[in-house]
Amino acid sequence: MMWWILSGIFLISMMIYIGIYNSKKTSSSEFVAGISAIMLVVALMVAIFGSMTNFKFVAVFKQNKNYIENVVVDNENAIENAALSSKKIELNSKLFSAKYNKETFGLFSTYPDEVLELEPIE
């Protein structure tokens with residue numbers, strides 16, 4: 001959802017800038033500089049929001065892992081066990097994706113180093 005909002009902001013700002021450019025008839029170097037500035041602002045917004053989401057992932061994963069590991073031991077309900085197993089698979093998949101992202105892209109990844117220390121849910 002966040003990416004669609006940022007893309008929409010980018011497209012609207014581009015249309016406004018192009019409209020201003022056409023009304024002023026400024027030089028093409030100013031046009032390129034303006035587009036570059038808009039793209040830089042959008043890139044910074046994406047990096048900030050992406051990193052906040054990824055830092056939140058670690059806390060949510062730890063919380064869900066504690067819940068699942070404690071409930072599975074005490075639970076005898078087959079339906080709830082199936083739901084927990086499904087959630088476990090989903091969280092492990094996200095964890096492996098985050099670890100791959102961090103190992104592959106290193107410093108360019110927005111995931112914290114703490115992701116590499118997390119263990120999958122068993």
Side-chain angles (χ1 to χ4, degrees):
M1 179 74 169
M2 180 71 67
W3 303 110
W4 289 107
I5 293 170
L6 292 175
S7 299
I9 292 170
F10 175 72
L11 290 174
I12 290 170
S13 61
M14 289 297 292
M15 289 189 300
I16 291 170
Y17 184 74
I18 289 171
I20 292 170
Y21 169 75
N22 286 336
S23 67
K24 288 184 176 181
K25 300 292 183 194
T26 56
S27 69
S28 62
S29 63
E30 292 175 358
F31 179 71
V32 170
I35 289 178
S36 299
I38 291 170
M39 292 176 77
L40 178 64
V41 168
V42 171
L44 287 173
M45 288 173 53
V46 167
I48 290 169
F49 289 125
S51 64
M52 285 190 308
T53 303
N54 292 339
F55 276 100
K56 185 175 140 184
F57 165 76
V58 173
V60 169
F61 181 84
K62 285 181 177 180
Q63 181 181 17
N64 285 328
K65 180 179 180 180
N66 286 337
Y67 175 75
I68 289 172
E69 287 177 346
N70 290 332
V71 170
V72 169
V73 171
D74 299 334
N75 194 11
E76 295 178 7
N77 186 349
I79 295 173
E80 191 171 342
N81 279 340
L84 289 172
S85 294
S86 174
K87 186 68 174 175
K88 192 186 312 184
I89 292 168
E90 176 189 343
L91 287 170
N92 283 338
S93 174
K94 287 181 181 180
L95 176 64
F96 291 130
S97 175
K99 282 185 174 188
Y100 173 79
N101 190 311
K102 186 63 180 175
E103 290 171 353
T104 304
F105 300 114
L107 294 175
F108 296 108
S109 173
T110 55
Y111 285 98
D113 292 335
E114 191 177 0
V115 165
L116 297 173
E117 298 168 5
L118 294 175
E119 295 294 324
I121 303 170
E122 296 181 17

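FYI, side chains are in, hydrogens and waters are out, and symmetry mates aren't considered; it's all heavy atoms of this structure.
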**Q** Any sub-3.5 Å donor-acceptor pair from S97's side-chain atoms to S93's backbone N or O?
**A** no

**Q** If the condition is salt bridge (charged side-chain N to carboxylate O under 4.0 Å, His left out), which residues does K99 pass it with, not counting sequence neighbours?
**A**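 In terms of salt bridge (charged side-chain N to carboxylate O under 4.0 Å, His left out), with neighbours along the sequence ignored, K99 is linked to no residue.
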
**Q** Do Y67 and F57 belong to the same hydrophobic cluster, where Ile, Leu, Val, Met, Phe, Trp and Tyr are linked whenever their side-chain heavy atoms lie under 4.5 Å apart, directly or via other members?
**A** yes

**Q** Which atom names give the shortest non-hydrogen contact between E122 and E69, and what distance separates them?
**A** N-OE2, 4.1 Å

**Q** Looking only at heavy atoms, what is the nearest atom pair of P112 and V58, with distance?
**A** CG-CG2, 3.6 Å

**Q** Rounded to the nearest 0.5 Å, how far does CZ of F61 lie from CD1 of I68?
**A**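 Rounded to the nearest 0.5 Å, the CD1-CZ separation comes out at 8.0 Å.
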
**Q** Rounded at 0.5 Å granularity, tell me how far CG in L91 sits from CD1 in I121.
**A**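 One gets 4.5 Å once the value is rounded to the nearest 0.5 Å.
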
**Q** Tell me the closest heavy-atom pair linking E119 and K65, and the distance in Å.
**A** O-NZ, 3.1 Å

**Q** My understanding is that only residues two or more places apart in sequence, or in another chain, count here; which of them pass side-chain contact (heavy atoms from CB on, under 4.5 Å) with E103?
**A** L116

**Q** Would you compute the distance between atom CD of E80 and atom NZ of K87 and round it to the nearest 0.5 angstrom?
**A**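 Spacing of CD (E80) from NZ (K87) equals 13.5 Å.
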
